[in-house]
K.L.:
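Please read through the structure below; I'll follow up with questions.
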Amino acid sequence: MNVLVFDTYEELSAAAGQMYVRLLQQKPDCVLGFATGSTPLGLYRFLAEQNQKGVVDFSRVTTFNLDEYYPMDPAHDQSYRYFMNKNLFDNINIDKANTFVPDGTAKDCTKVGAAYDQAIEAHGGIDLQLLGVGRNGHIGFNEPDTALVAGTHVTDLTDDTIDANARFFEKKEDVPTKAITMGMGTIMKARQIVCIISGKNKHEVVKALQNDLVTTDCPATFLKMHPNVTILCDKEAYEG
Ligand code: F6R
């Protein structure tokens, strides 16, 4: 695991962005795994700028997002589909038909979860998966638990995650209590992973990534078993 520390969030975002620039130039039809939340916003702005300057082209790219609230209508302004359109897809030359977000309206979630994993496989697998981490160590919405799930599935959100995400809603009671998320196996199958971590409140997770333990209490520690992970963090997250 390669850990890189940056003075500022802007530098972290640009460094993550350069990884995408390199990949997009080498493999214009790559498959990208994307995340939502606050941390990727700087990276998404960077990618939109690079696309507008003509440095990168998304016309042949396919994307799979990590997760979506459940139940959630994609048209809702707090859905992750809405977030991705607004913060990235509307600002780059991607064909939205090639962008996939787990279906928050699914009736049969087991079937829909398995189909999502199969669709990733059918596209040749994810070349570069972006991750943020929850302050409780979740990746995607794989929350700390006694056991973790391999494939894409519906899960309960922990109170800590509901609390952390309440900032995006009018009140905490409006935050969905479930999500449909790629599982740990889906994430670990990506050929390369870039994990971006910003802010003091993520310091405990950064610490957990630096020892040699792998524990379901902190799902991000599973990244230690992946052969190609880069952790980019800002000084605040690294030093606490
Ligand atoms: C979002 C996701 C989550 C977030 C995490 C950090 O798609 O999968 O794991 O990456 O909750 O969120 P922020 O960046 O808002 O702190």
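Counting starts at 1 for both ligands and their atoms, following the listed order.
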K.L.:
Is it true that the side chains of Asn93 and Asn51 contain a donor and an acceptor less than 3.5 Å apart?
P.N.:
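Present: a donor and an acceptor within the cut-off.
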K.L.:
Tell me, which residues have any heavy atom less than 4.0 Å from some atom of ligand 1?
P.N.:
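Residues near ligand 1: Ala35, Thr36, Gly37, Ser38, Thr39, Leu66, Asp67, Gly132, Val133, Gly134, His138, Gly140, Arg167, Lys202.
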K.L.:
Return the set of residues passing side-chain hydrogen bond (donor to acceptor under 3.5 Å, both in side chains) with Glu143 (not counting sequence neighbours), or none when no residue passes.
P.N.:
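Residues passing side-chain hydrogen bond (donor to acceptor under 3.5 Å, both in side chains) with Glu143: Asn136, His138, Thr158, Thr161.
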K.L.:
Per the salt bridge (charged side-chain N to carboxylate O under 4.0 Å, His left out) rule, what does the pair list look like for residues 126-142, sequence neighbours excluded?
P.N.:
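Listed by first then second residue: Lys27-Asp127, Asp127-Arg191, Arg135-Asp160, Arg135-Asp163.
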K.L.:
Ignoring hydrogens and angles, state whether a donor on the side chain of Thr8 or Glu11 is under 3.5 Å from an acceptor on the partner side chain.
P.N.:
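Yes - a donor-acceptor pair under 3.5 Å links their side chains.
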K.L.:
Suppose the criterion is salt bridge (charged side-chain N to carboxylate O under 4.0 Å, His left out): which pairs have a residue in residues 40-58, not counting sequence neighbours?
P.N.:
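Residue pairs passing salt bridge (charged side-chain N to carboxylate O under 4.0 Å, His left out), neighbours aside: none found.
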K.L.:
When you check the side-chain N and O atoms of Thr186 and Asp117, is any donor under 3.5 Å from an acceptor?
P.N.:
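Per modelled atom types, Thr186 and Asp117 side chains form a pair under 3.5 Å.
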